Amino acid sequence: MPGAENAATVEFLDNIADMLEIKGENTFRVRAYRDAARQIENLTEDIQDILRRGELRSIPGIGEGIAEKLTEFLTTGHSEYYENLKKQVNPGVAELLTVPGIGPKKARLFFDALGIDSVEKLQEAARAHRLSSLPRIGEKTEANILASIERMRGRGGRTPLAPAYRAAEKFLLQLREFPEVEKADLAGSLRRMRETIGDLDLIAASNQPEAVVDRFVHLPSAISILAQGPTKGSIITSGNLQVDLRVVKPEEYGAGLQYFTGSKPHNIRIRTIAEGKGLKVNEYGIFKADGERIAGETEESMYRALGLLWMPPELREDRGEIEAAREGALPRLVEPSHIKGDLHVHTDWSDGANSPEEMIEAARSRGYQYIAISDHSVSMGFIHGLTQERIQEQRALIQTLQKKYPQIKILHGIEVNIRGDGSLDYDDQTLAGFDVVTASVHSGLGMNKQKMTERIIRAIRNPYVNIFGHPTGRIIGKREPYEVDLEAVIRTATETGVALEINSQTDRLDLKDTDARLARDMGAGLCINSDAHAADQLDLMFFGVETARRGWVTPGDVLNALPLNLLLSRLAKPGQVRRVA
DNA sequence: GCCGTTTTCGGCCCGACTGTTTTCAGTCG
């Protein structure tokens, strides 16, 4: 499973790219390092394993030169080339590139002329108006740099998908109300539902683009305008989000939508395919060599003109979707409407905010066929994990509530804690009493890879475990996944019929998209759960489904896409007939 | 630095916007 080593390798390559850029190296050489970094970022396995097999060069974008540097770096933790580069380029100058609006040329200029080698010093110099004495730098540039640094500090990186999505939806509703706007949609990484979002990208169709941009940048939620042109506007919201709007003509809408949805690697592939057919693709359409326009009004027309099927935005990452579209082998992705119930929700019996009855009501109002009340187990004492006695009390309550709510099947679940040695918090007899058992790791996260893998495999070999919860333990932006051989875990889960959870909590989304893809490809079952700790959090399921879609997951892969009768047969206890995926 | 039904050299996506200067370089996506 890709761990810290992959991340360090990505950083290594990006650092080289930054330094080469500042040196003023050939831009294509710079791009080669960046492309290689992106490829490694998307790997589903450990780069060390690939190195061991001698297959670095089988990764697209890694040729002789980069493979050599990576081999040295990965074997010795050191790179002659990189050390040399650091002697030529002050690494602090590369830090300047993190400020939006500062590229290699300005970074170099500031260092050469004023000795600026940190964002801190850049800020000081801008405040003291020392930048505007430089050629081609005026007062506005200086003010923009200051504003940019402040925004950067205030935001601290990318926004999680859920809040970004909610903010963008509000903008969309407003845009669609503009009299000049015919259509408007999400674009960019937001439309592709990446787990974190940089800027919010929106697109609109209109015959009066300037008027639309003008209304947009003057919306009350815009606290400052970053850019305003005849077809494009960019603002900062009170929530410190950057929102970009692009306006195209209605007949160009599909082309614009396709172009601004990306991803970049996907679009580069699309352009290359077009080129091979003597066609040209841009945000206005697809054009023949003589300039005749042959597609652009809809996305479907764009892809069709290239001999491809339309593909859901979640797949557009150049991870095989183009080949699949060409062969008519695109997966039929899971949709929110396929989800028949939620098998992981908490109540105020442990650390949830609402009562079991309130959670059941919320599930019923969302049209679910079933819900599993699954609180924490006994070793989670500090959040009132259930004792033997309270298990029985809760079970009795569930039986009473089941009579009151015959429309929905109420399952008694548990999120049982996996102890350090891989044993579970309850004995088999206790576990047998639950309808559905989710086993999760909550402690001892710093364990080494081998021990953690053995621990988890022991836990999911327990015949009473149905689901392995938030399988990698990561918290987006806060905690790296624990060290574990995920492939070995997936193999075991596949053998034993344990479903791997895609946990929908905004900061988890665990399994993440590429891991879900790996699990699916290896034939494992998945289960998409909200892990709701309050009734309204049942709605987080949407983001879990989106993560699954990015992992090419189909409804047939998902345990809780099964109707109740089939679900119950899949959850059958040892000794009963239990169907494995 | 990578890559190849245009393969060992010569390309590598390309258009919008800003700021500064007055015709365009730099940055971004």
Side-chain angles (χ1 to χ4, degrees), chain A residues 13 16-17 20-39 56-70 81 96-110 131-145 147-148 187-192 197-203 209-210 213 217 225-235 242-248 252 255-256 258-287 318:
Chain A
L13 292 171
I16 292 178
L20 291 175
E21 212 167 17
I22 290 161
K23 268 184 70 181
E25 265 285 1
N26 178 321
T27 55
F28 298 110
R29 176 174 295 172
V30 175
R31 190 191 296 170
Y33 280 94
R34 296 228 188 271
D35 287 347
R38 301 290 79 73
Q39 285 293 334
L56 280 182
R57 293 199 53 184
S58 68
I59 301 170
I62 297 190
E64 201 183 334
I66 293 183
E68 197 179 307
K69 284 160 191 122
L70 282 184
Y81 177 74
L96 302 182
L97 299 181
T98 61
V99 179
I102 306 279
K105 297 286 158 52
K106 287 201 184 100
R108 182 71 188 273
L109 172 69
F110 295 151
L131 300 180
S132 49
S133 61
L134 299 171
R136 295 195 64 88
I137 305 290
E139 279 177 26
K140 275 195 170 174
T141 303
E142 203 167 56
N144 285 343
I145 287 172
S148 209
S189 56
L190 198 54
R191 183 163 178 246
R192 302 199 314 279
I197 305 297
D199 304 330
L200 312 192
D201 291 309
L202 305 174
I203 179 164
E210 286 199 66
V213 173
V217 300
I225 300 172
L226 292 180
Q228 179 180 11
T231 66
K232 198 177 149 178
S234 193
I235 58 163
Q242 181 175 332
V243 189
D244 298 336
L245 171 71
R246 212 24 219 271
V247 190
V248 296
E252 296 164 345
Q258 195 285 323
Y259 183 89
F260 293 110
T261 296
S263 66
K264 201 172 186 179
H266 174 91
N267 281 357
I268 289 174
R269 288 288 312 278
I270 292 297
R271 276 164 196 276
T272 311
I273 290 170
E275 207 174 288
K277 294 178 184 291
L279 300 170
K280 186 178 134 103
V281 181
N282 60 23
E283 57 262 58
Y284 307 113
I286 299 185
F287 301 86
D318 191 21

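When reading the values below, keep in mind they use all heavy atoms of this one structure, side chains included, and skip hydrogens, waters and symmetry mates. Order of the sequence lines fixes the chain letters, A, B, ..., with proteins taken first and strands second; residue numbering starts at 1 for each chain. All values reported here derive from a predicted model rather than from experimental measurement.
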Of B/dC17, B/dC12, B/dC14, the nucleotide closest to the side chain of A/Arg31 is B/dC12

Within the distance-only criterion (no hydrogens, no angle test), does the side chain of A/Asp35 pair as donor or acceptor with the backbone N or O of A/Arg38 below 3.5 angstrom?
no

Which value, in whole Å, describes the distance between the P atoms of nucleotides B/dT5 and B/dG1?
23 Å

Integer-rounded Å distance: B/dC14 P and A/Ile270 CD1:
15 Å

For the C1' atoms, the ones on B/dG11 and on B/dT6, what distance do you get once it is rounded to whole angstrom?
11 Å

What is the separation between atom CZ on A/Arg136 and atom C1' on B/dG26, rounded to the nearest whole Å?
8 Å

Separation between the C1' atoms of B/dT8 and B/dC13, rounded to whole Å
24 Å

In whole Å, what separates the C1' atom of B/dC12 from that of B/dT7?
15 Å

Can you tell me the distance, in whole Å, between the NZ atom of A/Lys105 and the C1' atom of B/dT18?
17 Å

Given B/dG15, B/dT18, B/dT27, which nucleotide is nearest the side-chain atoms of A/Lys106?
B/dT27

Checking the side chain of A/Asn267 only, and the main-chain atoms of A/Tyr259 only, is there a donor and an acceptor separated by less than 3.5 Å?
yes

Looking for any heavy atom pair under 4.0 Å, which part of the strands does A/Glu275 touch: base, sugar-phosphate only, or nothing?
nothing

Check whether any side-chain heavy atom of A/Glu252 sits under 4.5 Å from a side-chain heavy atom of A/Glu283, and report yes or no.
no

Partner of A/Ser234 by side-chain contact (heavy atoms from CB on, under 4.5 Å), out of A/Gln228, A/Gln242, A/Arg246
A/Gln242

Spacing between A/Lys264 atom NZ and B/dC28 atom P, to the nearest angstrom:
11 Å

Between B/dT20 and B/dG26, how far is it from one C1' atom to the other, in whole Å?
11 Å

Closest to side chain of A/Arg271, choosing from B/dC2, B/dC13, B/dA25
B/dC13

For A/Leu20 and for A/Glu139, find the nucleotide of DNA chain B with the closest heavy atom, then tell me which residue's nucleotide is more 5'.
A/Leu20

Want to settle it: does A/Thr231 or A/Ile137 sit nearer the 5' end of DNA chain B, counting the closest nucleotide to each?
A/Thr231

For nucleotides B/dG15 and B/dC9, find the distance between their C1' atoms and express it as a whole number of Å.
29 Å

Below 4.0 Å: OP1/OP2 of B/dA16 and any side-chain N or O of A/Tyr284
yes

Where the side chain of A/Ile66 is concerned, which of B/dC2, B/dC13, B/dA16 is the nearest nucleotide?
B/dC2

Identify whether NZ of Lys or CZ of Arg in A/Lys69 sits under 6.0 Å from the centre of the six-membered ring of A/Tyr81 and within 45° of that ring's axis.
yes

B/dC2 OP1/OP2 closer than 4.0 Å to side-chain N/O of A/Lys69:
no

B/dC12 P sits how many Å from A/Arg38 CZ, rounded?
22 Å

Any strand counts, and the cut-off is 3.5 Å on both contacts for Watson-Crick or G-U wobble. Which nucleotide pairs with B/dT18?
B/dA25

Please check: side-chain N/O of A/Glu210 versus main-chain N/O of A/Pro230, any donor-acceptor pairing under 3.5 Å?
no

N-O pairing of A/Glu21 and A/Arg29 below 4.0 Å
no

Consider the side chain of A/Asn26, meaning its heavy atoms from C-beta on, and name the nucleotide among B/dG1, B/dC17, B/dG29 that approaches it most closely.
B/dG1

Would you measure the distance from the P atom in B/dT23 across to the matching atom in B/dG29 and give it in whole Å?
29 Å

Residue A/Thr141, side-chain atoms from C-beta onward, closest of B/dG19, B/dC17, B/dC14:
B/dG19

Let me know the distance between CZ of A/Arg29 and P of B/dC12, rounded to the nearest Å.
18 Å

The side chain of A/Tyr33 is closest to which nucleotide in this list: B/dG1, B/dT27, B/dC13?
B/dG1

How would you label the contact of A/Pro135 with the nucleic acid (heavy atoms, under 4.0 Å): base, sugar-phosphate, or nothing?
nothing

Nearest whole Å is fine: how far is B/dT27 C1' from A/Ile22 CD1?
14 Å

Using whole Å, what does the distance between atom C1' of nucleotide B/dG26 and atom CG of A/Asn144 come to?
13 Å

